[in-house]
Amino acid sequence: MELVIIGILLGMSCMGSFIQRVSGFGFGIFVMTVFPHILPSYGEATALSGMLAASMSIVVAYRMRKFIVWKQVLPLLGIFTVVSFFAVGAVASFDDRFLKHVLGVILIAISIYFFFISEKIKLKPTLLAQVGLGTLSGIMGGLFAMQGPPSVLYFLASCETKEKYIAHSQVYFALGNLMMTFFRAGNGFVTTSVGIAYGCGIVGVIIGTAIGGKVFKKIPHKILRKIVYVYMAFSGIVALLA
């Protein structure tokens, strides 16, 4: 693997894990702006993103396990698991270029939504919300390795404290990404290239998670998120034009 690619993997994994440790989500959204361009196929890019995200979320969820209320997590996770299984299988049916263009549209839409609309919508944590957001999360997770936005809406609405929000979101991402890794392995997306890239990227994840944990209580979340949303919109435009 070329040194430039190793450097990109380290940098993207470090920044992605930092963003997710501070804001509760965003690893897949951030790294998937680049991973599809440096991995042999789109499916392998989603596999790498999921494996790295799972590694990070497992550690954070374990450290904050005392804040987890399982009955508020498991229904959403169950729906996500079923839908993501079929979504992962569908990836091989699409052309990589087509998926990258769809990803570009998704990135732009998410950035616009969170930048201008999300704070104006008050979502109630009902069963209907769990079914709807769990389904959308499964589709986005299986196809694009970015199941975060729909689930974040639910956890923001159902969690009274930011500690509980982080605990719920990270255990959801940890278990969800572990299951999708098995689904992707069954579809042939967990390859030697992914394994080598994981070995490089995990170093960045460790560094980013450690730094993010230290600034979790200090950095203004709104500022960080707005920077991420602008970056997402720019990356979406690039993906559409590529």
Side-chain angles (χ1 to χ4, degrees), residues 13 16-31 49-85 87-88 114 118 121-142 145-184 202 205-206 208-219 221-222 224-225 228:
S13 299
S17 57
F18 171 81
I19 291 169
Q20 180 147 323
R21 180 63 184 89
V22 173
S23 65
F25 78 109
F27 183 89
I29 294 172
F30 185 80
V31 301
S49 173
M51 290 166 61
L52 290 172
S55 300
M56 175 209 164
S57 296
I58 288 171
V59 175
V60 178
Y62 178 77
R63 289 177 178 174
M64 306 192 73
R65 62 190 182 280
K66 67 179 180 180
F67 297 104
I68 299 173
V69 180
W70 286 104
K71 65 180 181 180
Q72 295 181 6
V73 178
L74 292 179
L76 192 73
L77 184 63
I79 296 167
F80 165 83
T81 301
V82 174
V83 176
S84 65
F85 172 80
V88 168
F114 277 103
S118 63
I121 294 180
K122 301 299 181 182
L123 179 72
K124 294 182 179 180
T126 62
L127 178 61
L128 181 61
Q130 288 183 323
V131 172
L133 295 176
T135 299
L136 185 57
S137 181
I139 294 172
M140 292 180 63
M146 52 176 68
Q147 65 268 36
S151 57
V152 162
L153 291 179
Y154 173 74
F155 292 129
L156 283 173
S158 62
C159 297
E160 304 82 16
T161 65
K162 68 176 183 179
E163 289 79 12
K164 184 178 178 182
Y165 160 68
I166 291 294
H168 280 198
S169 61
Q170 297 316 296
V171 75
Y172 176 83
F173 294 145
L175 296 176
N177 278 311
L178 281 175
M179 287 185 287
M180 284 197 296
T181 295
F182 286 111
F183 298 159
R184 287 167 178 143
I202 194 63
V205 167
I206 293 171
T209 303
I211 297 174
K214 291 182 179 180
V215 302
F216 173 58
K217 296 180 180 180
K218 300 179 180 180
I219 192 169
H221 288 197
K222 289 186 177 180
L224 175 66
R225 288 185 177 184
V228 173

Partner residues of F80 under the ring-ring contact (aromatic ring centres under 6.0 Å, His included) criterion, sequence neighbours left out: Y172

Checking S17 now: which residues fulfil side-chain contact (heavy atoms from CB on, under 4.5 Å) with it, not counting sequence neighbours? F27, M56, V205, T209

Can you tell me how far CG of L136 sits from OH of Y154, rounded to the nearest 0.5 angstrom? 15.5 Å

Hey, are the side chains of V73 and V171 touching, using non-hydrogen atoms and a 4.5 Å cut-off? yes

Taking only residues two or more places apart in sequence, or in another chain, which ones meet F67 in a ring-ring contact (aromatic ring centres under 6.0 Å, His included)? none

Would you mind listing every side chain to side chain donor-acceptor pair (under 3.5 Å) that reaches into residues 66-78, with sequence neighbours excluded? Q72-K164

The reported gap from CG in L133 to CG in L128 (rounded to nearest 0.5 angstrom) is 9.0 Å

Please say whether more than 12 non-hydrogen atoms of neighbouring residues, nucleotides or ligands are located less than 6.0 Å from CZ in R65. yes

Of all heavy-atom pairs linking F173 and S151, the shortest is CE2-OG, 3.5 Å

Under the side chain to side chain donor-acceptor pair (under 3.5 Å) test, which residues partner S55, sequence neighbours left out? Y198

Starting at CG of L74, measure out to CD1 of I79 and round the result to the nearest 0.5 Å. 11.5 Å

Looking at residues at least two apart in the chain, or sitting in another chain, which of them share a side-chain contact (heavy atoms from CB on, under 4.5 Å) with T81? L77, M179, F183

By side chain to side chain donor-acceptor pair (under 3.5 Å) - contacts of Q20 (at least two apart): S57, Q170

Say whether, by atom type as modelled, one donor and one acceptor occur between the side chain of H168 and the main chain of V69 under 3.5 angstrom. yes

Tell me the closest heavy-atom pair linking Q130 and P75, and the distance in Å. OE1-CB, 3.4 Å

Looking only at heavy atoms, which two atoms of G50 and T181 are closest? And how far apart? C-OG1, 4.3 Å

How long is the gap from CD1 on I19 to CD1 on I29, to the nearest 0.5 Å? 9.5 Å

Between the side chain of S137 and the main-chain N/O of Q147, is any donor-acceptor distance below 3.5 Å? yes

Just so I know, are the side chains of N177 and M180 near enough to count as touching, which here means a heavy-atom distance under 4.5 Å? yes

Does L178 form a side chain to side chain contact (heavy atoms under 4.5 Å, CB included) with I58? I'd like the steps, not just the answer. CA-CA 9 Å; L178 281 175; I58 288 171; 3.9 Å; yes

If the condition is ring-ring contact (aromatic ring centres under 6.0 Å, His included), which residues does Y62 pass it with, not counting sequence neighbours? none

